[in-house]
Every structure is written in structure tokens, then in C-alpha cells.
Amino acid sequence: MYCKNCGSSMNDNAKFCPKCGTPVTPEGSAGTTFSDYGNATAAQPAPEIEVSEKSWLAALLLEIFLGGLGIHRFYVGKIGTGILWLLTAGIVGIGWIVDLVMIATGKFKDKQGRYLKSDSWKRANETMDQIHRTSSADELIKLKQLLDEGVITQEQFEKKRDEYLNQC
């Protein structure tokens, strides 16, 4: 299952998206629900998620190139484990791999437990979501024109409209 807001993969039994905090709708995915004729309404308010001022990309690059020395941990304020990584070569490479996966998937947090700042993925997902909404809205407009012109019946219109809205 994927979040409609940020595109992150989620467990099937998740109540909120682990990356952006968007609540899961009754249909089974996080994001926006759509009522009649495509008017968007929020399923419920999303909880505030604190985001670190530390950059996800900077932490990732530090991890890739200097991960065995724990420099990425010093960067996010985890001084104690940074020293441990420095003295043990990233806990003999295993901690280096774990941290690499955690940072790359966006699950690595700073000392205060906040997710690292990564706006690029969010902007990309918002853009794709906007394109999808626009194309769905265009399809609904075309469908309404067909109804107005008498090409399709009211029942056919409602069936197709519901199909488009369920795709969102």
C-alpha cells in the first residue's frame, strides 16, 4: 500500500503514513478522499511531524563517503554513537550498512527524533499528484460534456464518474 500524499510504501495495517503522517483513509491508503464531482476533502487532520533542519542529502553523502567514521552521526547530533562508529569503523561495517539503508529510505532521525529534511521527494510527489488530479478533472469535464450532449445516459455518467473518482 502506498501513501497518496508522499508515495511512501506503508504496511497494510498502518493508520498513518510513516514518512509524512497522513492518515489512512477507509479505502486503505493515506491521502485525500474525494466526494461528489471531485471536490477534495481531508479524511482527518494529519498529526504534526517535526522535521529536522539537517539535510537528508547531506547525511546520505556523509554516510556514503565517511560512514565508517560516523561523521553522519556527528552531523545529526548523535555524538555518542558517532564516537562509537569512529572507534569501531561503523561497528565493523554492519552499522554503516544499516545507517545507509535507514538514511536512503528516509527513516533515519536526528538526536531529537525528527526526520531529516528532504523537500525534493515531497515536491516531486506533489507535482505528480497535481498532474493526476488535473487529468482526472479533465476527464470528468469531458464526461459531463458527453452527458450534456446526450451521447451517454445519466447512469453511464455516474458509473464512469465513480470509476474516475475511485482511481484518485
Test of understanding: with salt bridge (charged side-chain N to carboxylate O under 4.0 Å, His left out), list the residues that count as partners of Glu155, not counting sequence neighbours. none
Among all residues two or more places apart in sequence or in another chain, which pass the salt bridge (charged side-chain N to carboxylate O under 4.0 Å, His left out) test with Lys160? Glu163
Just so I know, are the side chains of Arg114 and Lys109 near enough to count as touching, which here means a heavy-atom distance under 4.5 Å? no
Give me the atom names and distance for the closest heavy-atom approach of Val76 to Asp110.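 Heavy-atom minimum between the residues: O-CB, 3.5 Å.
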Could you pull out the closest heavy-atom pair between Ile103 and Glu63, with the gap in Å?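 So the minimum-distance heavy-atom pair works out to CD1-CB, 3.7 Å.
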Using 0.5 Å steps for rounding, measure from the [atom1] atom of [X] to the [atom2] atom of [Y].
X: Glu158; Y: Leu143; atom1: CD; atom2: CG; result: 10.5 Å
X: Thr81; Y: Asp99; atom1: OG1; atom2: CG; result: 7.5 Å
X: Leu57; Y: Leu62; atom1: CG; atom2: CG; result: 9.5 Å
X: Gln112; Y: Ser52; atom1: CD; atom2: OG; result: 7.0 Å
X: Leu147; Y: Arg161; atom1: CG; atom2: CZ; result: 10.0 Å

Hey, does the Lys NZ or Arg CZ of Lys54 hover above the aromatic six-ring of Phe108, less than 6.0 Å from the centre and inside 45° of the axis? no
I'd like to check the side-chain contact (heavy atoms from CB on, under 4.5 Å) partners of [X]; sequence neighbours left out, ordered by chain and number.
X: Ile91; answer: Leu84, Trp85, Thr88
X: Val151; answer: Leu146, Glu149
X: Phe74; answer: Ile71, Ile79, Ile83
X: Ala58; answer: Ser55, Tyr75

Would you say Ile94 has more than 12 foreign heavy atoms packed within less than 6.0 Å of its CD1? no
Would one find more than 12 heavy atoms of other residues, nucleotides or ligands at under 6.0 Å from atom CD of Glu53? no
Common cluster, Ile64/Val92, ILVMFWY with side-chain heavy-atom separation under 4.5 Å: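 In one cluster: no.
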Any link between Val101 and Trp56 through a network of hydrophobic side chains (Ile, Leu, Val, Met, Phe, Trp, Tyr) touching at under 4.5 Å?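 No, separate clusters.
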Give a yes or no answer on whether the side chain of Lys78 reaches the backbone of Gly70 with a donor-acceptor pair at less than 3.5 Å. no
